[in-house]
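Right, one structure below, let's go through it.
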There are 2 protein chains.
Amino acid sequence: MATTTAAQRREQARFEYDAFLRSCPTNQLLDRISDKWVSLVVAALAAGPLRYSDLARKIAGVSPKMLTQTLRSLERDGILTRTVTPSVPVRVDYELTPLGSSLAHLLTAVKAWAETHFDEVHTARERYDTETDAPSAP
Amino acid sequence: MATTTAAQRREQARFEYDAFLRSCPTNQLLDRISDKWVSLVVAALAAGPLRYSDLARKIAGVSPKMLTQTLRSLERDGILTRTVTPSVPVRVDYELTPLGSSLAHLLTAVKAWAETHFDEVHTARERYDTETDAPSAP
DNA sequence: CGGAATCCCATTCGATACTG
DNA sequence: CAGTATCGAATGGGATTCCG
């Protein structure tokens, strides 16, 4: 017996892996800040509160769908607050919470790392491309 | 005239946005470390060099395809080194470079932030779900 | 103005099978 | 052991349209 070993073993491994991820706050939050738009929104709001259309203009390339989706998930996580002012044309402001500010600081650290080591990465990348792309080319 | 305003304007905005991203090292590297598997591989290698199959076992849930793909891109960026020992069964070791170690440190900082603020996020999330999910539910 | 809902395409990812 | 190749499923994300 045990014809199903290989497949089932990975399936079970995957199960345990999922359980691990669920129990690991790091991965949950890493996934959150990993999002392409999240970092841009947080960076845009770091300077101060903005309205929906201001964000759309500042980020410049985001579709309304993704902007709304991103803002909702960030609001849900307590990264920012959404304030509706029921004037005639509705006005909605978004602002970072203290938690959001601390996230902005973290992203600043990431940015610092990226700027510090970008040269190394760039160099390594070019060398790798040269070595693998033209090792035996005429 | 100007029937195409809305769509075309965003298209052009998108173009500029792409140009911005290309010139911004932060986003390039943020995208790299954002990857779900990258962080796991770096974390796994932080303790010391590992062989391919060791990594597959330690990460437990990754397909060979993604593992190889992740390792290649990290090698390309100078995050880790790949050492082939041409013994009878081929042996390949992966090890973090100094650059990779610094990235591991950064991920540690992210992890610290996540663990520090996980409660807040969790609380905010539950509150949000409660408020939006059952305000008028029977 | 600020958003919700729908459609749909492109990329990505995972599982499997095969090779050196 | 350490990959590569291929296929199908899932997902993300953009455009569009309509509501309050």
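By convention in this document, chain letters (A, B, ...) are assigned in the order of the sequence lines, proteins followed by strands, and residues within each chain are numbered from 1. Reckoned from all heavy atoms, side chains included, excluding hydrogens, waters and symmetry mates. Just so you know, these numbers come straight off a predicted model, no measurement behind them.
- The side chain of Met66(A) sits closest to dG13(D) out of dC7(D), dG13(D), dT4(D).
- Atoms CZ (Arg51(A)) and C1' (dG3(C)) sit 14 Å apart, rounded to a whole Å.
- For Lys36(B), a side-chain nitrogen or oxygen approaches OP1 or OP2 of dG14(C) to under 4.0 Å.
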Does the side chain to side chain contact (heavy atoms under 4.5 Å, CB included) test come out yes or no for Gln69(B) and Lys65(B), once each step is laid out? CA-CA 6 Å; Gln69(B) 184 176 306; Lys65(B) 174 184 176 177; 4.1 Å; yes

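- Rounded to an integer number of Å, the gap from CG of Leu67(B) to P of dG3(D) is 8 Å.
- Listed in residue order, the members of residues 70-97 of chain B having a heavy atom less than 4.0 Å from DNA chain D are Arg72(B), Arg82(B), Val90(B), Arg91(B), Val92(B), Tyr94(B).
- Nearest heavy-atom pair across Ala44(A) and Lys58(A) is O-NZ, 3.8 Å.
- Using a 30° and 60° split on the angle between ring planes, His117(A) and Trp113(A) fall in the tilted class, from 30° to 60°.
- Contact check on Asp129(A) versus Arg127(A) returns no salt bridge, with no Lys/Arg side-chain nitrogen under 4.0 Å from an Asp/Glu carboxylate oxygen.
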Verdict with reasoning, Thr83(A) to Val92(A), per side chain to side chain contact (heavy atoms under 4.5 Å, CB included): CA-CA 5 Å; Thr83(A) 311; Val92(A) 183; over 6 Å; no

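- In this structure, of dC13(C), dG3(D), dG13(D), it is dC13(C) that holds the atom nearest to the side chain of Gln69(B).
- With dC13(C), dG14(D), dG2(C) as the candidates, the nucleotide lying closest to the side chain of Trp37(A) is dG14(D).
- For Tyr52(A) and dG20(D), the OH to P distance is 17 Å, given to the nearest whole Å.
- Between the CG atom of Leu50(B) and the P atom of dG3(D) there is a distance of 13 Å, rounded to whole Å.
- Here dC13(C) presents its C1' atom at 15 Å from CD1 of Ile59(B), a figure rounded to the nearest Å.
- Computed from coordinates, the Lys65(B) NZ to dA15(C) P distance equals 11 Å when rounded to whole Å.
- Considering only side-chain N and O atoms, Thr68(A) lies nowhere under 4.0 angstrom from the phosphate OP1 or OP2 of dG2(C).
- Of the side-chain N and O atoms in Ser63(A), none sit less than 4.0 angstrom from OP1 or OP2 of dA15(D).
- Whole-Å rounding puts the Asp35(B) CG to dT11(C) P distance at 17 Å.
- When rounded to the nearest whole Å, the span between CG of Asp54(B) and C1' of dA2(D) equals 12 Å.
- By the side chain to side chain contact (heavy atoms under 4.5 Å, CB included) test, Thr108(A) pairs with no residue at all, sequence neighbours left out.
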Steps toward salt bridge (Lys or Arg N to Asp or Glu O under 4.0 Å) verdict (Asp54(B), Arg57(B)): CA-CA 5 Å; Asp54(B) 291 334; Arg57(B) 217 170 300 117; 3.2 Å; yes

